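Side chains are part of it too, since the values below use all heavy atoms of this structure and drop only hydrogens, waters and symmetry mates. On a predicted model such as this, the values are computed, not experimentally measured, just so you know.
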Amino acid sequence: MRVFVTGATGFIGSAIVEELIAAGHTVLGLARSDAAAKSLGVTGAQIHRGSIEDLESLRRGATAADGVIHAAFNHDFSRWKENCENDRSAIEALGSALAGTARPLVVTSGTGLLTPGRLGLEEHAAASGPAALPRVASEEAAAALAARGVRVSVLRLPPSVHGDGDHQFVPTLIGIAREKGVSAYVGEGLNHWPAVHRLDAAHLYRLALEKSSAGARYHGVAEEGVPFRDIAGVIGRRLNVPVVSTSPDEAAKHFGWFAHFAALDCPASSRHTRELLGWQPRQPGLIADLERGRYFES
């Protein structure tokens, strides 16, 4: 299968490219710069110049492929709502090129969109309406495509996708702990983050592409919920700083824009995903990955 991959040079996308090529697929990777094109070329992937803001380039890439994995997303939180709406437009553009065919499209979402405080299941819909988080735009776009008969599925990732090269939530926590001189959690720190290793996530993307059905939702969750206090504890020990509890009011000052995520309690199951696709995570868990120490080398 010739697979068009957006985000092909990113932390997760680069692992997806390697997974697809190892399985015998041909990859057409989206590259917005010469550096990205050079990086992709080393892997053996074919190069498609464009960007997720260039909707025509997305349509051309999807048209030229037998299937699409959309792993790109702009995580600039200063433009969060705008970026989420841009993702809606990107998904619509990719889907428009696949309408009327049986070619699959796998789009990315997050388990953090589900109702907090309960175990999130694949069958649970993300909250919608005025109170919804902006990121729900991706799932709304996918649902609209499925209603048109596009073979689109949603792969929800947990707050922590970890592994070598991670530059998202866990490194952010480490950076805050270094800056503040303490590793903090909110309240008792018993809120839970589901987690998955990037290589296990990449394997699931391939399975979802090969086996998915229109409207399916999959959870890329290896661990249902790691207590946030455990994460803070490893960070404190590795940095040799105190591990402390903060109140919700104190957390807003300590974590800044990250306070919402530090308090997030969003355990999630992947039982249905494993049964449907035969997915079995094999990489180290989040705490074991942190204990390896590579997160603290810089």
Once you measure the plane-to-plane angle for Trp80 and His75, does it fall in the parallel (<30°), tilted (30-60°) or perpendicular (>60°) bin?
tilted
Regarding Tyr205 and Thr108, do their side chains bring together a donor and an acceptor under 3.5 Å, going by distance alone?
yes
To the nearest 0.5 Å, what is the distance between [atom1] ([X]) and [atom2] ([Y])?
| X | Y | atom1 | atom2 | answer |
| --- | --- | --- | --- | --- |
| Ser109 | Arg135 | OG | CZ | 5.5 Å |
| Glu123 | Ser269 | CD | OG | 9.5 Å |
| His162 | Ile287 | NE2 | CD1 | 9.0 Å |
| Arg156 | Ser138 | CZ | OG | 11.5 Å |
| Glu53 | Ser89 | CD | OG | 10.5 Å |
| Ser153 | Leu209 | OG | CG | 8.0 Å |

For Thr111 and Val221, what are the C-alpha separation, side-chain angles and deciding distance, and is it a side chain to side chain contact (heavy atoms under 4.5 Å, CB included)?
CA-CA 9 Å; Thr111 61; Val221 172; 4.0 Å; yes
Keeping the roles fixed (side chain from [X], backbone from [Y]), state whether a donor-acceptor pair exists under 3.5 Å.
| X | Y | result |
| --- | --- | --- |
| Asp265 | Pro116 | no |
| Thr273 | His219 | yes |
| Arg294 | Asp289 | no |
| Asn83 | Asp76 | yes |
| Ser14 | Gly10 | yes |
| Arg2 | Val27 | no |

Salt bridge or not for [X] and [Y], using N-O below 4.0 Å?
| X | Y | answer |
| --- | --- | --- |
| Asp34 | Arg49 | yes |
| Asp164 | Arg292 | yes |
| Arg271 | Glu122 | no |
| Arg206 | Glu19 | yes |

Side chain to side chain contact (heavy atoms under 4.5 Å, CB included) between Val154 and Tyr218, worked out
CA-CA 6 Å; Val154 171; Tyr218 304 113; over 6 Å; no
Under a single-linkage definition using a 4.5 Å side-chain heavy-atom cutoff for Ile, Leu, Val, Met, Phe, Trp and Tyr, are [X] and [Y] assigned to the same hydrophobic cluster?
| X | Y | result |
| --- | --- | --- |
| Ile91 | Leu28 | yes |
| Val68 | Ile16 | no |
| Val182 | Phe261 | no |

Is the [atom1] atom of [X] crowded by more than 12 outside heavy atoms at less than 6.0 Å?
| X | atom1 | value |
| --- | --- | --- |
| Arg32 | CZ | no |
| His272 | NE2 | no |
| Lys180 | NZ | yes |

How close do [X] and [Y] get, counting heavy atoms only, and between which atoms?
| X | Y | answer |
| --- | --- | --- |
| Gly50 | Ser57 | CA-OG, 3.6 Å |
| Val186 | Asn191 | O-OD1, 4.4 Å |
| Ile174 | Leu239 | O-CD1, 3.9 Å |
| Leu133 | Gly112 | CD1-O, 3.9 Å |
| Ala93 | Ser96 | O-OG, 2.7 Å |

Given the side-chain rings of Phe258 and Phe169, with only the six-membered ring counted for Trp, is the space between their centroids under 6.0 Å?
yes
Give a yes or no on whether the ring-centroid distance for His48 and Phe4 is below 6.0 angstrom.
yes
Are any of the side-chain heavy atoms of [X] and [Y] separated by less than 4.5 Å?
| X | Y | result |
| --- | --- | --- |
| Val226 | Glu223 | yes |
| Asp87 | Ile52 | no |
| Gln280 | His203 | no |
| Ile231 | Arg229 | no |
| Ser245 | Glu188 | no |
| Ile69 | Thr6 | no |
| Arg79 | Asn74 | yes |
| Leu286 | Val170 | yes |

Determine, stepwise, if the pair His25 / Glu210 fulfils side chain to side chain donor-acceptor pair (under 3.5 Å).
CA-CA 11 Å; His25 296 292; Glu210 294 170 346; 2.7 Å; yes
Side chain to side chain contact (heavy atoms under 4.5 Å, CB included) between Thr172 and Phe255, worked out:
CA-CA 10 Å; Thr172 296; Phe255 291 106; over 6 Å; no
Kindly indicate, with the supporting measurements, whether the criterion ring pair (Phe, Tyr, Trp, His ring centres under 6.0 Å) is fulfilled by Tyr185 and Trp193.
CA-CA 12 Å; Tyr185 54 85; Trp193 275 13; over 10 Å; no
Going through the checks in order, is the side chain to side chain contact (heavy atoms under 4.5 Å, CB included) test met by Arg198 and Leu157?
CA-CA 10 Å; Arg198 66 187 284 265; Leu157 293 174; over 6 Å; no
Could you go step by step and tell me if Asp249 and Ser247 meet the side chain to side chain donor-acceptor pair (under 3.5 Å) rule?
CA-CA 5 Å; Asp249 288 341; Ser247 70; 5.3 Å; no
Residues in salt bridge (charged side-chain N to carboxylate O under 4.0 Å, His left out) with Arg88, at least two apart?
Glu85, Glu140
